[in-house]
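Have a look at the structure below before the remarks.
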Amino acid sequence: METPKNETFRDSIGTLTEDGKRAWVYPKKPSGRYYEKRKIVSYGLIAFLFIAPFIKVGGNQFLMFNVLERRFNIFGFPFWPQDFYLFVISMLIGVIFIALFTVAFGRIFCGWICPQTIFMEMVFRRIEYWIDGDRNKQRKLDRQKWDAEKIRKRLLKWFIFLVISFLIANVFLAYLIGSDKLIRYITEGPFAHTGTLIPLIIFTAVFYFVFAWFREQVCIIACPYGRLQGVLLDNKSIIVAYDHKRGEAENGRKKFRKNEDREALGHGDCIDCLQCVNVCPTGIDIRNGTQLECVNCTACIDECDHIMESIDLPKGLIRYASEDEIEKKKKFEFSPRLKGYTAVLVILIGVLSGLLLLRSDVEARVLRLPGQLYEHKQGDIISNVFTYKLINKTTDTISDVSFKLRKYKGEIKLVSTSNNFEVPAQGAAEGTLFIEIDKSELSGDKNKLMIEVYSKDELIETTTVNFLGPRSYN
Ligand code: SF4
Ligand code: SF4
């Protein structure tokens, strides 16, 4: 189907020229009330991002995503590989929470919380403004030949970008392998750990590439969340929107002329100054309507507000609003779709809370040694051999650990270790054990036994095993 004429801007993305080349965006330096608020939120979040891996709660890193060992800490709560289902539920909650937020408030996450936007707009772009100057000076510098000034500015900028990319890569690593390990590797010297040094260099290069060159294209081309906007947003979602009713009126937008009665001429409040376009970091014209490139950064709201103020018109020609609010003057309502997402979210949070309460700090696994049935020993004793593994998810050593049989009279004998052993903090103890029971105690060839795990006299975990014996006991 052919695209309608006024929708042709949707045929290509704002950062590509007609012949498919990169159209470098030189956004004007934003200023205004939203920008000031975003600065506060952004620097707070950056501080949190840098500090979080070094905070400990009950001996656990506050946030850790050790993908290689499948160990995750969320808000100081450790998730082991055995708890992977809990981690998956937590991730699902996160995804539904973001979906719920997107349906209600559009890409508010992209503009205010996403690390890509925060680092790009509040760190790298601001350094660029500081070194290269605002939009026009940046364009001029780019066109300028490689003289002393350009070389000095470029080298300084690239060096600072590289240092920040290296810092971000280190923090990223602290989330991946744990901050204790990272600090140890740094103090022992990076060349003693080339297996970690190489990923660190790769991460630095990736961050440098993203922030120095790829930039807004992450949001436009690469980000999967950006792609979801088309299905998540509807006419009731609050987004950064241009009030086309007010901006265009009956006779459309028109350049500003002093002492002209725009209302009488039927022109809207948009004076076609293009400042909202110049300030946009993704290079789009918000007056065309909702576009996938828009990361809801609010820069165009601030810029248009300045213009409205300067020509004595009410602010808010571009503002946070839904399509319905602009078209039908309808206020925000809690739609059935939002109710559905909320219900799913509440159920998942309930399930997760229940599972977290039921989760024990110690996990015991006792499994039959493969290929072994039972042994009939002297004195009518039936013996089965098992392997055991005890996982200690806490940050304290569990001492004086012993096994006992519930209900059955019998003995548990550990191979090559005595009862009352230790399970190291955040570690495991494993080995082989024999269970010996007098055959008169058994009621068939398969008996379900419950094994209790004690630390000193405290019961810390229970597990069950199938104990095999002869078919007949007459
Ligand atoms: S900044 Fe406001 S007035 Fe200027 S072009 Fe954009 S919408 Fe129109
Ligand atoms: S259209 Fe406005 S809110 Fe969207 S990315 Fe551009 S400047 Fe930011």
Side-chain angles (χ1 to χ4, degrees), residues 9-10 13-15 23-39 41-42 102 105-114 116-118 120-122 125 129 134-135 215-221 223 225-226 229-230 233 237-249 251-258 260 262-263 267-323 326:
F9 64 90
R10 298 199 192 276
I13 52 173
T15 52
W24 196 266
V25 183
Y26 303 90
K28 183 174 181 263
K29 189 177 176 187
S31 66
R33 59 189 172 123
Y34 280 114
Y35 191 60
E36 289 309 311
K37 283 182 192 147
R38 279 181 59 222
K39 268 198 230 164
V41 174
S42 301
T102 312
F105 303 112
R107 291 178 81 168
I108 205 163
F109 172 84
C110 302
W112 292 79
I113 300 167
C114 174
Q116 164 67 24
T117 313
I118 289 179
M120 188 65 245
E121 302 307 321
M122 294 298 171
R125 194 90 76 186
Y129 291 132
D134 209 342
R135 172 182 162 81
R215 302 192 152 197
E216 67 287 339
Q217 301 196 93
V218 171
C219 315
I220 300 173
I221 301 169
C223 175
Y225 176 61
Q229 302 308 308
L233 296 183
S237 309
I238 293 174
I239 47 166
V240 173
Y242 167 67
D243 187 339
H244 56 94
K245 291 263 176 191
R246 185 186 144 195
E248 309 293 314
N251 293 329
R253 58 188 83 142
K254 187 176 177 267
K255 294 273 181 218
F256 180 71
R257 274 214 205 121
K258 242 184 172 178
E260 187 178 62
R262 295 176 70 89
E263 216 178 320
H267 290 298
D269 284 354
C270 174
I271 59 165
D272 210 12
C273 64
L274 293 180
Q275 291 309 307
C276 53
V277 182
N278 292 344
V279 83
C280 178
T282 59
I284 58 164
D285 186 344
I286 189 69
R287 297 172 302 167
N288 287 332
T290 317
Q291 291 150 80
L292 79 91
E293 292 98 325
C294 176
V295 291
N296 278 220
C297 73
T298 69
C300 54
I301 301 185
D302 281 337
E303 206 54 31
C304 191
D305 279 353
H306 290 321
I307 302 295
M308 291 297 115
E309 262 179 334
S310 69
I311 57 171
D312 237 2
L313 285 174
K315 293 195 277 190
L317 178 57
I318 302 176
R319 62 178 184 275
Y320 275 120
S322 68
E323 233 352 88
I326 290 170

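When a ligand or atom number is given, it counts from 1 through the structure's own listing order. Here, residue 1 is the first one in the sequence, and each next residue gets the next number.
The ligand atoms of ligand 2 that sit less than 4.0 angstrom from a heavy atom of P281 are 7 (S). Residue I286 has at least one heavy-atom neighbour below 4.0 Å for each of these atoms of ligand 2: 1 (S). Residue contact check: I284 has heavy atoms under 4.0 Å from atoms 1 (S) of ligand 2. Atoms of ligand 2 found under 4.0 Å from any heavy atom of T282 (numbered from 1 in listed order, with element): 5 (S). Ligand-side atoms of ligand 1 in range of C276: 1 (S), 5 (S), 6 (Fe), 7 (S), range being under 4.0 angstrom from any heavy atom.
A 4.5 Å side-chain heavy-atom check between K255 and I271 finds every atom pair outside the cut-off. Contact check for R287 versus V277: side-chain heavy atoms found under the 4.5 Å cut-off. Under the 4.5 Å side-chain criterion, counting only non-hydrogen atoms from C-beta, E309 is in contact with K315. With a 4.5 Å cut-off on side-chain heavy atoms, C270 and R246 do not count as touching. At a threshold of 4.5 Å between non-hydrogen side-chain atoms, the residues D302 and R33 count as touching. Between Y129 and R135 there is no side-chain heavy-atom pair separated by less than 4.5 Å.
There is no side-chain donor-acceptor pair under 3.5 Å between Y320 and T298. Looking only at atom types and distance, the side chain of E248 has a donor-acceptor partner in the side chain of Y242 under 3.5 Å away.
Assignment of M308 to the shell around ligand 1 is supported, since a heavy atom sits closer than 4.0 Å. Under a 4.0 Å heavy-atom criterion, E303 is not in contact with ligand 1.
Put simply, CG on L292 and CG on L233 are 10.5 Å apart, with the number rounded to the nearest 0.5 Å. For the atom pair CD of Q217 and CD of E293, the computed distance is 11.0 Å after rounding to the nearest 0.5 Å. To the nearest 0.5 Å, the span separating CD1 on I284 from OG1 on T290 amounts to 9.0 Å.
Atom 8 (Fe) of ligand 2 has no N, O or S atom of C294 inside 2.8 Å of it. The distance from atom 4 (Fe) of ligand 1 to the nearest N/O/S atom of C273 is under 2.8 Å.
Remark: minimum distance from atom 3 (S) of ligand 1 to any protein heavy atom is reached at I271 N, 3.5 Å. Of the protein's non-hydrogen atoms, the one nearest atom 8 (Fe) of ligand 2 is C297 SG, 2.3 Å. When only non-hydrogen protein atoms are considered, atom 5 (S) of ligand 2 lies nearest to V295 N, 3.5 Å. With hydrogens left out, the protein atom closest to atom 2 (Fe) of ligand 2 is C300 SG, 2.2 Å, a heavy atom. The nearest heavy-atom contact from the protein to atom 6 (Fe) of ligand 2 is C280 SG, 2.3 Å.
Of all the heavy atoms of V277, none lies under 4.0 Å from any atom of ligand 1, so neither backbone nor side chain is involved. Using a 4.0 Å cut-off between heavy atoms, N296 contacts ligand 2 through its backbone alone, with no side-chain atom that close. If you look at R287 next to ligand 1, the close heavy atoms, those under 4.0 Å, all belong to the side chain. Here I301 has no heavy atoms under 4.0 Å from ligand 2, in either its backbone or its side chain.
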